[in-house]
Amino acid sequence: MTLSPLEKTGILIEALPYIRQFYGKTVVIKYGGHAMVNCELKKAVMQDAVLMHLVGMRPVIVHGGGPEITSMLGRLGKQSQFIQGQRVTDAETMEIVEMVLVGKINKEIVANIHRYGGKAIGLCGKDGHLIEARKQVAHIQKDGEEMDLDLGYVGQVERVNPGIIETVIAEGYIPVVAPIGVGPEGESYNINADLVAGELAVALQADKLVLLTDVEGILADRNDPASLISSLEVGRVPELIQQGVIAGGMIPKVNCCIRALDGGVKKTHIIDGRIPHSILLEVFTDTGVGTMVVPG
């Protein structure tokens, strides 16, 4: 569809108050899912980040990479095992995870941002002790008893030291962060990227946290895309979890939004990363896309 000059002007005018509102503000974007494997969606996300930066916003990208890790492990003859959605990560697996996330995916994102006219620097939690981590243990029920399972080098965020991020932003670059944390002995930990994005948003006191997903957002009826809940108050979350409206992988994403709001982040969004330029639609238009999780 070709837009007329008047329609194009209307789009720019609609974006103007949002450009003014978010000038100089930090937006943390969790980049993952289908948008990381589809070439056109990859391009759209990079262009969105570059445009946001050029109009004076401060985008920070936190990326995942689970499918590529699984693929690399398979090529090396290692099976992936998951407990409660977390990859069991022994020492050898951790080396591969770090290689894929930091050495491959992170650098590809940085290169693509430069390709589309931006400037970026890749980081992980080891850089400047950005993400200090501790070991995470899985708690499961078995035969009516609660058990703890060792997940290996799977971590939780202990502390975020955002100084290096602030330095990178001040020098005019877009930070791109791989979700690898550093332990007290310098060991690496694999951390859920949603969790890292939420904690980083809190540490930076971001104005927005945006989580890209492979669904429309939170649906009142998971079989009906038209039932999208565009705005969700935190107080409704326990009820919707009990009803099964919020389930599976959506639960940690919603909890991540709640944690960010509790920590001072002003707005949180769960949006459909399968829509090209969904980030711009969320930030710069009146209607937005996906589900906004708000206090209340």
Side-chain angles (χ1 to χ4, degrees), residues 27-50 52 59-74 80 82 84-87 97 100-102 104-113 116 120 122 124 154 174 176-180 190-201 208-219 222-223 225 228-230 232 245-257 259-260 268-283 288-293:
V27 178
V28 176
I29 301 162
K30 190 278 177 149
Y31 175 42
H34 199 64
M36 291 191 71
V37 296
N38 178 284
C39 291
E40 286 304 309
L41 293 176
K42 280 184 184 181
K43 177 180 177 182
V45 171
M46 300 303 107
Q47 290 174 327
D48 288 1
V50 171
M52 292 166 68
V60 177
I61 297 174
V62 178
H63 65 84
E68 288 209 41
I69 293 169
T70 299
S71 175
M72 179 62 75
L73 289 170
S80 295
F82 292 87
Q84 296 179 341
Q86 298 277 6
R87 187 188 306 272
V97 167
V100 172
L101 289 177
V102 181
K104 183 177 185 293
I105 296 175
N106 189 274
K107 302 314 172 192
E108 287 177 354
I109 295 171
V110 169
N112 280 329
I113 288 174
Y116 295 112
C124 75
V154 173
I174 298 171
V176 179
V177 182
I180 300 292
N190 183 20
I191 309 177
N192 177 277
D194 289 331
L195 178 61
V196 169
E199 294 294 337
L200 190 54
K208 280 183 181 285
L209 168 66
V210 179
L211 306 179
L212 296 182
T213 68
D214 286 340
V215 295
E216 292 85 352
I218 300 173
L219 303 177
R222 278 183 282 172
N223 297 315
L228 176 69
I229 300 172
S230 59
L232 173 64
V245 173
I246 300 174
M250 188 58 73
I251 293 176
K253 292 185 186 300
V254 172
N255 286 337
C256 172
C257 290
R259 160 67 185 129
T268 64
H269 307 263
I270 300 171
I271 68 174
D272 191 348
R274 301 170 301 176
I275 300 174
H277 302 293
S278 57
I279 301 171
L280 294 186
L281 290 170
E282 181 55 58
V283 174
V289 294
T291 298
M292 180 168 62
V293 182

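Every value quoted in this text rests on a predicted model; they were computed, and no experiment measured them.
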Is the shortest side-chain heavy-atom distance between [X] and [Y] below 4.5 Å?
X	Y	value
L73	R87	yes
R222	V215	no
L211	I271	no
I105	V100	yes
N112	V45	no

Where do [X] and [Y] come nearest, in terms of heavy atoms and distance?
X	Y	result
V245	L219	CG1-O, 3.2 Å
H63	A193	O-CB, 3.7 Å
A49	I61	CB-CD1, 4.0 Å
A197	K30	CB-CB, 3.8 Å
V102	A178	CG2-CB, 4.0 Å
P59	I174	O-CG2, 3.6 Å

Looking at [atom1] of [X] and [atom2] of [Y], how far apart are the two atoms once the value is rounded to the nearest 0.5 Å?
X	Y	atom1	atom2	answer
N192	C256	CG	SG	8.0 Å
I246	I270	CD1	CD1	7.5 Å
S80	M72	OG	CE	12.0 Å
I29	L212	CD1	CG	7.0 Å
E216	I229	CD	CD1	12.5 Å
K208	M292	NZ	CE	7.0 Å

> Does T268 reach the main-chain N or O of V293 with its side chain, forming a donor-acceptor pair under 3.5 Å?
Replying inline: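 Yes, the answer is positive, given that a donor and an acceptor are paired below the 3.5 Å cut-off.
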
> So among L232, V254, T213, which one has a side chain to side chain contact (heavy atoms under 4.5 Å, CB included) with T291?
Replying inline: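 Going through the options one by one, the only one that passes is L232.
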
Donor-acceptor contacts, no H, no angles, side chain residues 273-282, under 3.5 Å, sequence neighbours left out:
from	atom 1	to	atom 2	distance (Å)
R274	NE	D214	O	3.2
R274	NE	D272	OD1	2.9
R274	NE	D272	OD2	3.4
R274	NH1	D214	O	3.2
R274	NH2	D272	OD2	3.0
H277	ND1	D48	OD1	2.6
S278	OG	D272	O	3.2
S278	OG	I275	O	3.4
E282	OE1	V289	N	3.0
E282	OE2	H269	ND1	3.0

>> Filter on salt bridge (charged side-chain N to carboxylate O under 4.0 Å, His left out), then keep only pairs touching residues 246-256, sequence neighbours left out; what's left?
In response: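 Sorted result for residues 246-256: D194-K253.
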
